[in-house]
Amino acid sequence: MTVSDESPAPITDDVQDHTAPYALWIDGVGGYLLCLSHCVTIGQAQVQQHGQADIALLADISRHHATLHRDSEGYWLEALKPARIHGKPIAKEFLRNGDRITLGKSCQLQFFQPVPMSISARLDIVSGHRFAEPIEAVLLLADTPVVIGPSAQAHVQVPEMTESLKLLRTKTGMVVCWPGEISGPDGVVQGRAPLVPGTTVSTDQITLALERMR
Amino acid sequence: MKRTVGNAAISVRFTHPTGAMIAMKFTYQSGYKPLPGYTIKRGIGQGAFGEVYFAVTDSGKQVALKLIHNKNLEKEMRGIQQCLNLKHQNLVHLYDVRTDDAGFHWLIMEYVAGEPLSSIVARYPNGAPAELAIQWFQGLAAAVQYLHQHGILHRDLKPANIFLENGLIKVGDFGLCKIIADSAQAMTGEVGTAPYMAPEICNGIYKESVDIYAAGVILFELVTGRVPFEGQSVQEILKKHLYDAPDLTTVPMPFKLILQKALAKDPRQRYQTIMDMAKDVACAIPTTEPGATRPADVTMPVGADEIPEVIPATPSMIFQQRWSELTGILLTAIIASAILAIAWPLFFGRGDWSHLAPLFFLVLAASASVMIPSKLWVPSDDEESWTRRLMHMSLGFVLALFALWLEGYELPAPWVPANRLEVLHTWQPGPTDVQVLKGSWAGWWYGVNTSMPILACYLSYFGLMFMVLRWWKVTEVHRPSRISIWSLICVAFWGYLLLFLLPGQHQREIGFLTVFLTAVVCQIACPWKEKGALKPKKKLRLATA
C-alpha cells in the first residue's frame, strides 16, 4: 500500500464561505438554519446526506432547484428549475425585502431583509411545506450582522427583549455582540464573545446555541 | 413577574408566546441528553410545573419533552399513563413517560409546530373573524368531547394550551391538569388559569361542566378578543366568576345566546355536552352549513402579520351541493303534493275529483317555484328582500299562466290569433257563480253579469300572493318549527283576502288551495333543523314586513 499523496486542502480566508449551514437554537424562540456561504443551494431533501442542498426542503422541487448568490449589494436568486418571484417566471433576479419566491408548483418562500443597512436576510416557508431540519426559518448571514431583538427591524423578533443581540462574522469565526455580560464556554465576558459550533452562549435575556448540521 | 408561557410545545415564528418573561432560563442546554436517545435542541417554554424542550431522537423524530419538576407524584403519574393511548386528531399526542437518572419525570409528546391560540387571539384585539372562531371551536369541541367520552376532564382549557398547526386545532396538557389542581398551584399564583375557571371549582366540584364553562370563556375571547372576567388577583377573578354576570353587550348576536348558556353560573343551566354547544356554534352563521363540522381546511402558515386563510368553497361547489340537496327536496315535494291533493277532498268530503290532477300539478309547480330559487340563491343578507319578492312575483305570473293552461284556456302567444284569445280569456259566470257573486264583494267589484278578463284575474292573484309574503322563509333550514302554524295562518289570511281577485267558485277553490297547500308542501319537503338555544322569539316569520 502506498502512502496517499492527498494533503489537507489549503486553508484560505475564503474557507468559511464554503461551510455547510449551522443550526442556531434560541431558547423560547425557535430554531434557525444559519447560512454563511456566498453561494447557498436550495433543493429537495435527500435520503443520503451527500449531495444535499444547503437549504433542504420537504417539497416537490428538484434536488438542486435554485441557488442564492450573495454579493456586496445583496442576494440574487438563480433558478436552475422553474422559479417565480411574485408569480413572474425568472432566470436570475435580485431579491428585495418581501419577495415571494415560488419554486416548482407549490413551494413558496418569502425573503426578508428587515434590518436597514444590513443585507443579511431571512427566508421563511409560507406554503405549509417543511424544512428537512427542525427549524423555523433560514438566516442568511452576510458581512453585515443578523439582529435578534425586540423591534420589527430584526431578523428574529423577540418582543420580550429590551436590547438587540447582533450576530456577525469575523475572519476567525462568528461572534455575538451584546451590551452587557455574555456567558459562554470561556466564562463571562463583556460585550463580545465568540460563537463556536457545539457551544452555548447566554445573556440575561437570551440563550443561543450553535450546532454544525452536517 | 413570572407568568405561564403555555405548558405544551410552542414554536415561535416572528412572535413569541404571550407574556413570556424576559430571560427565560432553562435547566438544560442545547445538546444535552436527559434520556437515552433524546437530544435537547432548545427550550420551548415554561409552564406551571415544568419546562418544555424541543428535542430530536437519534433517528430524527421531533418531539417535545416536558420536564415535570415535582418528584413525588407517583399517583398522579398514573393519571398521565391513563391518557398515553388516547388518539384524536385534535389532541397533542402523548408518546411516553420516562424517568431520568435523577428521578425526574419526562413526558414525551408530539411536537406541534404551530402557534398557541393565545398569541393568535392577541393579534385580534377586537375578536377573530366569526368563520375562523367557529372553525377553531369545532376542533376544540371535538377534542374535549373525545376526552369526556373517555372519562377524562381537561380541567385546564385555555388558549395557551390550544395550538393551531396548519389549520388544525391541537389541544394539549390534558391529563396533567389534575396535578395542577392538586398541587394547589392554580389557586395560588397562576393568574393565567383563573379567567377560565368555572364557579363550581371553588366548591371543589369538577365535572364536564368545568370544561364547558372554560370552552365558553375561550369562545368569548375568540369572538371579542378579551376574557369576560379580568382582575389583578386570582381571588378577584374567581369572585367575578361566582357573582358577576358576563358583559355580553359587545358579543355579536348568534354568539350571545350561546355564551349566555355556556357561561351560566349553575352547571345545570349550561350545555350538558360540549357537542350540543358545538352544534349551536356551527349554526352561528347562517351561511355555514349547519350541523356539518367543516373539515379542517388546510391553511398555509404565513408570516406573523397575516392570518391563516380559510380556503373558501368555490361558487360551483356550493351550487352543486345545493342542487343535489334540491333534487331530494323536489322528490319529497312530488309525494307530498300528491298526498295532499288527494287528502283534501277526502278529508272535507267535497270537491270535484276531476280537479285533483290540476290541483296536484299546480301545487307541485308552485312549490317548485318557491323552493328552487330560495335554495339556489341565498343572498348574504336580508337586504335583498324586495329583489326576492319581485322574483317570486314573476314566478307567480308564470304559475298563473300554467293554471290557465290547466283549465283549458289557450295561452297568449304570437301564433294564436288575437280574436280567439279575446274569447277564451274572458270568463262568463255560470248560474251557480252568479249566485255566489251576488252575495260577495267580488260581485260588487266586478259586477255580477259581466264577463271577466280571466288572464288578468289569475295574474293578479298569483302575482300578489307571491309578492306580499316572504316565501323563502318556509324553505329555510332554521325556521321556528318544521311546519309553522303561523306561516300557514299568514298564507291562509292573504290567500283568503286576495280571493276577491278571482271570479268563480271553482277558480277560488283552486287558487286558495294552491297557495295554502304549497306552504304545507314546502315545509314538509325542506329540511329543518332545530336551532336549540337560538330559537328566535319572532313569531311571524312569514310576515309581510
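Throughout, protein chains are lettered first and strands after them, A, B, ... in sequence-line order, and every chain is numbered starting at 1. What you are looking at is a predicted structure, and each value in this text was computed from that prediction instead of being measured.
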Non-hydrogen atoms of E136(A) and Y111(B) that approach each other most closely: OE2-OH, 3.6 Å
K166(A) NZ: over 12 foreign heavy atoms closer than 6.0 Å: no
Part of I26(A) lying under 4.5 Å from any heavy atom of chain B: backbone
Heavy-atom proximity to chain A below 4.5 Å, by part of F54(B): side chain
Side chain to side chain contact (heavy atoms under 4.5 Å, CB included) between R130(A) and Q62(B), worked out: CA-CA 13 Å; R130(A) 296 182 75 116; Q62(B) 301 167 18; 3.1 Å; yes
D101(B), CG atom: more than 12 neighbouring heavy atoms under 6.0 Å: no
From CG (L24(A)) to OG (S30(B)), nearest 0.5 Å: 9.5 Å
All side-chain contact (heavy atoms from CB on, under 4.5 Å) counterparts of Q46(A), not counting sequence neighbours: Q44(A), Q48(A), Q52(A), R63(A)
Over 12 non-hydrogen atoms of neighbours within 6.0 angstrom of NZ in K81(A): no
Separation between CD of E211(A) and CZ of R42(B), rounded to the nearest 0.5 Å: 12.5 Å
For P134(A) against V56(B), the heavy-atom pair lying closest together: CG-CG2, 4.0 Å
